Amino acid sequence: MSRMHVELLPIGLFPSLGVRFVRRWQRAFVDSRHGVGLVVIDTAAPQDDEVVGFVLGTSDHAAHTTELAQDRRATAALAIGGLLALLVRPRVAVRALRTRIRPWTRRALRLRRTAGAAARTGPLLSPQVAVMTALAVRPDWRKSGIGVLLVTRFVELVREAGATSAEAQTSIGPQGAVGFYERLGWTAGTQRHTPGGDCVRTYHLALGARPAP
């Protein structure tokens with residue numbers, strides 16, 4: 001999954017930090033009780049090439065980020081892994097220092113404050129939003145229905161977990177999946193430029209009211 005992510009989803013800083021860091025980052029989702037990960041395997045392929053598609057995300061993104069901010073071991077592992085990756089990639093490090101460090105610092109401080117407030121007063125009631133963070137299918141398996149299968153199953157799982165809506169971001173360039181999401185009935189939302197200069201668009205899908213406990 002991490003190799004596929006770096007190869008097929010190169011937009012953003014994390015893929016530029018290499019397979020080892022992306023593996024650590026993906027593990028933060030897999031280990032989270034709010035994480036959702038699905039993979040499609042070609043059992044006839046060699047082990048190194050058996051993964052033909054995957055989706056990774058959260059059933060409650062706010063709860064996932066708060067949980068991660070409170071987990072000092074996980075955040076330290078990500079920070080150390082990112083630092084080591086930057087040390088051997090000076091060009092990436094320069095770009096990160098110029099465009100990323102200040103926003104990340106503000107975001108980390110905001111997450112710490114939110115986590116602290118939730119610990120003191122309890123979590124605030126708000127709509128549970130699922131986020132599909134990464135979706136990839138190998139080029140030779142596209143148009144086979146695997147992408148639709150992964151998204152459909154992701155939506156089923158996050159709905160069962162109580163999410164009332166789902167979000168996903170994709171590039172509006174040639175590497176994006178704008179048409180794919182629109183064919184599946186997702187609604188186009190805001191469009192923005194990332195710190196790295198890529199243009200991405202957010203898509204939304206309503207999942208219905210959250211079931212009563």
Side-chain angles (χ1 to χ4, degrees), residues 1 4-5 8-15 22 25-26 28-30 32-40 53-69 100 103-104 106-107 110-111 114-115 118 123-137 142-213:
M1 282 173 59
M4 278 189 64
H5 191 116
L8 301 178
L9 302 173
I11 293 175
L13 177 63
F14 285 2
V22 171
W25 176 73
Q26 290 181 343
F29 287 84
V30 176
S32 171
R33 60 195 176 99
H34 305 291
V36 179
L38 300 165
V39 62
V40 177
F54 75 90
V55 64
L56 193 69
T58 59
S59 60
D60 186 338
H61 197 66
H64 169 74
T65 53
T66 299
E67 180 184 80
L68 185 59
R100 305 279 181 150
W104 279 2
R106 288 198 299 263
R107 183 180 180 188
R110 186 168 62 250
L111 286 174
T114 302
L124 297 176
L125 295 178
S126 60
Q128 183 176 327
V129 179
V131 173
M132 191 161 60
T133 306
L135 170 68
V137 177
R142 291 171 186 170
K143 299 185 179 179
S144 66
I146 287 177
V148 175
L149 175 66
L150 286 167
V151 173
T152 300
R153 185 60 179 143
F154 176 86
V155 168
E156 290 173 350
L157 289 173
V158 299
R159 181 186 283 120
E160 291 171 3
T164 57
S165 65
E167 293 182 358
Q169 281 191 349
T170 185
S171 168
I172 64 170
Q175 294 178 321
V178 168
F180 174 77
Y181 286 110
E182 292 179 353
R183 286 193 299 273
L184 292 182
W186 290 58
T187 302
T190 57
Q191 185 172 302
R192 67 179 181 87
H193 283 85
T194 67
D198 300 300
C199 190
V200 297
R201 181 180 296 162
T202 301
Y203 279 84
H204 307 269
L205 184 70
L207 304 180
R210 182 173 182 172

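Any value given below was found using the heavy atoms of this structure, including those in side chains, with hydrogens, waters and symmetry copies removed. None of the values given here were measured: they were computed from a predicted structure.
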Could you go through T170 and F180, starting from their C-alpha distance and side-chain angles, then the distance that decides it, and tell me whether this counts as side-chain contact (heavy atoms from CB on, under 4.5 Å)? CA-CA 10 Å; T170 185; F180 174 77; over 6 Å; no
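- A side chain to side chain donor-acceptor pair (under 3.5 Å) check over residues 176-187, counting only residues at least two apart or in different chains, returns the pairs E182-Y203.
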Using the side-chain contact (heavy atoms from CB on, under 4.5 Å) rule, take H61 and V129 through it: C-alpha gap first, then chi angles, then the decisive distance, then the call. CA-CA 6 Å; H61 197 66; V129 179; 5.6 Å; no
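- Sorted by first and then second residue, the salt bridge (charged side-chain N to carboxylate O under 4.0 Å, His left out) pairs involving residues 171-180 (not counting sequence neighbours) form an empty list.
- Between S59 and A161, the shortest heavy-atom distance links the atoms CB-CB, 3.7 Å.
- Note that CG of L205 and CG of L184 are 9.0 Å apart. Values are rounded to the nearest 0.5 Å.
- With sequence neighbours excluded, the residues satisfying side chain to side chain donor-acceptor pair (under 3.5 Å) with H64 are S32.
- Taking OG1 of T133 as the reference point, atom CH2 of W25 lies at 5.5 Å (rounded to 0.5 Å).
- With sequence neighbours excluded, no residue satisfies side chain to side chain contact (heavy atoms under 4.5 Å, CB included) with L149.
- Q26 contributes atom CD, which lies 6.5 Å from atom NE2 of H5 (distance to the nearest 0.5 angstrom).
- Distance check: L56 CG to M1 CE gives 5.0 Å after rounding to the nearest 0.5 Å.
- Taking all atoms of both residues into account, the shortest heavy-atom contact from I11 to S171 is CD1-CB, 3.2 Å.
- Rounded to the nearest 0.5 angstrom, I146 CD1 and L38 CG are separated by 12.5 Å.
- For the salt bridge (charged side-chain N to carboxylate O under 4.0 Å, His left out) test, no residue two or more places apart in sequence or in another chain qualifies with E167.
- Between the side chain of R201 and the backbone N or O of I172, no donor-acceptor pair lies under 3.5 Å.
- The side chain to side chain donor-acceptor pair (under 3.5 Å) test applied to R192 returns Q169, not counting sequence neighbours.
- In terms of heavy atoms, T164 sits closest to P127 at OG1-CB, 3.9 Å.
- R153 pairs by the salt bridge (charged side-chain N to carboxylate O under 4.0 Å, His left out) definition with E156, not counting sequence neighbours.
- No side-chain donor-acceptor contact under 3.5 Å links Q128 to the backbone of A63.
- Within the structure, ring-ring contact (aromatic ring centres under 6.0 Å, His included) contacts touching residues 154-178 (residues at least two apart or in different chains) do not occur.
- Atom CZ of R33 and atom OG1 of T58 lie 12.5 Å apart (nearest 0.5 Å).
- Put simply, the side chain of T202 never gets that close to the backbone of G189: no donor and acceptor are under 3.5 Å apart.
- A search for side chain to side chain contact (heavy atoms under 4.5 Å, CB included) contacts involving A136 returns M4, L8, L9, F54, not counting sequence neighbours.
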